[in-house]
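See structure below.
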Amino acid sequence: NAGVMQNPRHLVRRRGQEARLRCSPMKGHSHVYWYRQLPEEGLKFMVYLQKENIIDESGMPKERFSAEFPKEGPSILRIQQVVRGDSAAYFCASSPSANTEAFFGQGTRLTVV
Amino acid sequence: EDKVVQSPLSLVVHEGDTVTLNCSYEVTNFRSLLWYKQEKKAPTFLFMLTSSGIEKKSGRLSSILDKKELFSILNITATQTGDSAIYLCARGDSGAGSYQLTFGKGTKLSVIP
């Protein structure tokens, strides 16, 4: 049973470009969470999704950021018009249900130049 | 103000030492307390605690939760260099149909030979 798979592992974007981060949850997991880790900071919750539904996006900036978890395929975190401050490690986690342990992917390290 | 506070922020010990890592939290919407180990990549799940006073063990690691005093400890006995990592404590928050983890900033453990 493969773990949570994220790709790409590293992503470099110029200011103003779009970044797309992908996450395939563990088999049998229908709950996906995105977290952001800034340098020297803890992991910060961004968004919680179930298949085709956004449950809680309270931690996600209201502009330029969006997330989806379609019926088929991976969850996508999309950042439009990236700025230097978006540079961070973005981690995806999945769980079989709410209120259970979440398992993390390897993360995508986004660098905006 | 931080909702999850870990101490110490960093710790250097010799192989064979025993260490205790601390995590205190606010009670709002509390469902569970989780510990993760983060090396260079994905946070790796260690323990999930929901009940007070019940110790969970895995090899040389153990953890316990005190819901009255709002803290948890993670013990590592007979430390090895491979234990060097950042240990993250997270509170599982549940409310309004959502579930998210609120992380502390972590304790950086360095085990020297």
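By convention in this document, chain letters (A, B, ...) are assigned in the order of the sequence lines, proteins followed by strands, and residues within each chain are numbered from 1.
- Crowding of B:L9 atom CG: a count of heavy atoms from other residues, nucleotides or ligands under 6.0 Å not exceeding 12.
- Looking at B:Q38, only its side chain comes within 4.5 Å of chain A, counting heavy atoms on both sides.
- Using cut-offs of 30° and 60° for the angle between ring planes, the B:F103 and A:Y35 rings count as perpendicular.
- At a 4.5 Å heavy-atom cutoff, the contact between A:Q37 and chain B is made by side-chain atoms alone.
- Annotation: maximal heavy-atom pairing with chain A below 4.5 Å, among B:T44, B:L101, B:D93, occurs at B:L101.
- Contacts with chain B were tallied for A:F91, A:F45, A:F103; A:F45 has the most, counting heavy-atom pairs under 4.5 Å.
- With a 4.5 Å cut-off on non-hydrogen atoms, A:S95 does not touch chain B at all.
- No side-chain heavy atom of A:H10 sits less than 4.5 Å from a side-chain heavy atom of A:T108.
- Between A:F104 and B:Y36, the two ring planes are perpendicular [angle over 60°; tilted spans 30° to 60°].
- With A:R64 as the partner, the side chain to side chain contact (heavy atoms under 4.5 Å, CB included) test is satisfied by one option alone out of A:Q81, A:R78, A:E18: A:Q81.
- Counting heavy atoms from C-beta on, the side chains of B:S63 and B:L46 never come closer than 4.5 Å.
- Of the atoms belonging to B:L88, it is side-chain heavy atoms, and not backbone ones, that fall under 4.5 Å from chain A.
- For A:A89, no part lies under 4.5 angstrom from a heavy atom of chain B.
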